[in-house]
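The chains referred to below are lettered A, B, ... by the order of the sequence lines, with proteins before strands, and numbering in each begins at 1.
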Protein chains: 2
Amino acid sequence: MPRPRQPRLTRQLIVESATALIDAEGLPAFSTRRLAAELGVRGPSLYNHFATKDEILDAVADTVTGAVDTSGFASRDWLAALRDWAWSYRRALTAHPNIVPYLAQGPGRRPAALAMADAVYGGLVRAGWPPARATHIGAALRYFVAGSALGSFARGFVEDPELYAAHYPHLRQAHRLAEHQQSVDEGAFALGLDALLHGLAAEYTRTVDPVESARPTG
Amino acid sequence: MPRPRQPRLTRQLIVESATALIDAEGLPAFSTRRLAAELGVRGPSLYNHFATKDEILDAVADTVTGAVDTSGFASRDWLAALRDWAWSYRRALTAHPNIVPYLAQGPGRRPAALAMADAVYGGLVRAGWPPARATHIGAALRYFVAGSALGSFARGFVEDPELYAAHYPHLRQAHRLAEHQQSVDEGAFALGLDALLHGLAAEYTRTVDPVESARPTG
DNA sequence: GAATGAAAACTTACACCGCTAGTTTAGGAA
DNA sequence: TTCCTAAACTAGCGGTGTAAGTTTTCATTC
């Protein structure tokens, strides 16, 4: 088959198909030949649209990151904006957990990831946090969100009661974690995020703006 | 070469060499042939000692996890124990960052990982936290530590001033993050951990043991 | 001491991988 | 009509995990 009348591939089609493949079968199953087969094409044809496999992964990762909402930093106080952002970030990542290990390496040159970092950092600095502190806060929240999306905590435990009964006395119920996966993972995230933000609010009051924070109406 | 007088491979030798290879060149460079070559042997010989490549990775991961100190849960109050554990956990992971994406999938059937989970959960329950809460706290801290070790936040930004200058006004200094990598990453971890623990301590006072917590000497 | 069986290396081979090179043909522009 | 580019193709390189079968050594048993 030489060049068809209607191109069979576009960057968008490739990214969508790649996302679906990664979601369905995981990063290891994502190969250029496999992806091409899903698109009714041979492996090397993809290289007419992307230079490398990593470039496809970058596009997938940035599409995922693009779904994160950072608008709160423009409209709300920094604490509420952080909370909204963290939840949106988590939702975006848990919708495509298999790409998280790739995406979590950092923004690299991906536009959506850089725009997100820009919005968060800018919002924190505007709120009065010293630049170094703003960097730390953004990093700490990214740590927490990425870690929470990297793999389900609950599903990390094998469903094998005998495994735990023998040697790990406190984990007797661990094999049942998978049943309540979503509630365990979301509960842990909610608890951790609340604790983190609580601590940050205290730090803000202590170091950034004691007077402003003390006032009843921000 | 048939069977030598002295076996050239042992499980320990293989794990040590695999760890060194992963540390030096990353997970993608870790192949059975490559590892075998480092050991002066052909690829398939490894299968006399491990059933699969993943079994080798499990052994590496569990060796890394084995370096985490959870002794605080037996000797100190829960808050200090959590702090010590988190730092020890982080040190263990950042000493071998390339294995983190694999290890962070959960404890699976790895003994050291299960022992760690057991110690943390047991310690929190003993301190009075309700079981569900203890699970959440352990998970939240694992999220944070794993996320922080998954990849350097600082090195996630490309060292290319022009990239940021054009479109990301707040990231003008981002290309310099790599220079201060360790201080950025550790600072973010310290800040986030303190905030998290601060929030947990407040929650403890509110819900678990208001009286005990209010006393001056624990 | 001979025979036996397991252990630990080997070679060969399969199906897959990312990617390069060169080929073919359709479409659009001069 | 001619030519260039785009977008598919086939062929192939060097790599991957691992299964299968082979060879030799060592430890054990008769």
Side-chain angles (χ1 to χ4, degrees), chain A residues 1-62 98-99 101-103 105 108-110, chain B residues 1-61 98-99 101-103 105 108-109:
Chain A
M1 280 307 105
R3 182 182 190 194
R5 281 121 211 286
Q6 201 87 2
R8 282 192 252 183
L9 300 179
T10 63
R11 285 179 69 97
Q12 195 192 334
L13 256 178
I14 293 171
V15 170
E16 286 170 6
S17 196
T19 305
L21 179 56
I22 293 170
D23 285 348
E25 313 207 19
L27 261 191
F30 170 66
S31 76
T32 55
R33 287 184 233 252
R34 183 69 201 282
L35 171 60
E38 305 275 343
L39 290 159
V41 127
R42 303 306 168 94
S45 299
L46 299 170
Y47 290 84
N48 287 315
H49 302 269
F50 289 92
T52 65
K53 185 193 184 186
D54 270 7
E55 216 175 77
I56 304 178
L57 277 171
D58 272 337
V60 171
D62 218 37
N98 293 334
I99 192 71
Y102 184 85
L103 177 152
Q105 300 293 112
R109 299 178 168 278
R110 298 196 300 274
Chain B
M1 280 309 103
R3 183 182 188 191
R5 281 122 210 286
Q6 199 88 2
R8 281 192 254 182
L9 300 178
T10 63
R11 285 179 67 98
Q12 195 192 336
L13 256 178
I14 292 172
V15 170
E16 285 171 6
S17 196
T19 306
L21 179 56
I22 293 171
D23 284 348
E25 314 206 19
L27 262 192
F30 170 67
S31 76
T32 55
R33 288 184 233 256
R34 181 71 199 283
L35 171 60
E38 306 273 343
L39 290 159
V41 128
R42 301 307 167 93
S45 299
L46 298 170
Y47 290 83
N48 289 313
H49 303 268
F50 288 93
T52 64
K53 185 192 185 185
D54 270 7
E55 217 174 77
I56 304 178
L57 277 170
D58 272 337
V60 171
N98 293 333
I99 192 73
Y102 185 84
L103 178 152
Q105 300 292 111
R109 299 178 167 279

Tell me, do [X] and [Y] make a side-chain contact under 4.5 Å, heavy atoms counted?
| X | Y | value |
| --- | --- | --- |
| Ile56(A) | Phe30(A) | yes |
| Thr32(B) | Leu35(B) | no |
| Ile99(A) | Thr19(A) | no |

Short side-chain to backbone donor-acceptor contact, Arg110(A) and Leu103(A), under 3.5 Å =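 It does hold such a pair.
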Assign each of Arg34(A) and Pro44(A) to its nearest nucleotide of DNA chain C by heavy atoms, then name whichever residue's nucleotide is nearer the 5' end.
->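 By nearest-heavy-atom nucleotide position, the 5'-most residue is Arg34(A).
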Under 4.0 Å between a side-chain N/O of Ser45(A) and OP1 or OP2 of dC9(D), yes or no?
->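 Yes, because at least one side-chain N or O of Ser45(A) sits under 4.0 Å from OP1 or OP2 of dC9(D).
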In degrees rounded to 10°, what angle is found between the helical axes fit to the five outermost pairs at each end of the helix from dG1(C)-dC30(D) to dA30(C)-dT1(D)?
->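 Terminal axis comparison yields 10°.
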Is the count of non-hydrogen atoms from other residues, nucleotides or ligands lying under 6.0 Å from Glu38(B) atom CD greater than 12?
->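 Enclosed.
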Does CD in Glu55(A) sit with more than 12 non-hydrogen atoms of other residues, nucleotides or ligands closer than 6.0 Å?
->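 Yes, the 6.0 Å shell around CD holds more than 12 heavy atoms from other groups.
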Tell me which residues in [range] lie within less than 4.0 Å of DNA chain D, going by non-hydrogen atoms.
| range | result |
| --- | --- |
| residues 35-42 of chain A | Val41(A), Arg42(A) |
| residues 48-58 of chain B | Thr52(B), Lys53(B) |
| residues 19-32 of chain B | Phe30(B), Ser31(B), Thr32(B) |

Confirm from the modelled atom types if Arg33(B) and dG15(D) form a donor-acceptor pair under 3.5 Å, side chain to base only.
->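 There is none.
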Mind listing the side-chain donor-acceptor pairs of residues 40-49 of chain A below 3.5 Å, one per line with the distance, residues two or more places apart or on another chain?
unit_1: Ser45(A); atom_1: OG; unit_2: Arg42(A); atom_2: O; d: 3.4
unit_1: Asn48(A); atom_1: ND2; unit_2: Ser45(A); atom_2: O; d: 3.4

Rounded to whole angstrom units, what separation is found between the CG atom of Leu13(B) and the P atom of dA9(C)?
->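 Answer to the nearest Å: 10 Å.
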Between dG17(D) (P) and Leu46(B) (CG): distance, integer Å =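 To the nearest whole Å, that distance equals 10 Å.
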To the nearest 0.5 Å, how far apart are CG in Asn98(A) and CG in Leu21(A)?
->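 Atom-to-atom, Asn98(A):CG and Leu21(A):CG are 10.0 Å apart.
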Between atom OH of Tyr102(A) and atom CG of Leu27(A), what is the distance when rounded to the nearest 0.5 Å?
->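 Taking OH in Tyr102(A) and CG in Leu27(A), the distance rounds to 9.5 Å.
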Sequence neighbours left out, what passes side chain to side chain donor-acceptor pair (under 3.5 Å) with Glu25(A)? Give chain and number order.
->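 Partners of Glu25(A) under the side chain to side chain donor-acceptor pair (under 3.5 Å) test: Arg34(A).
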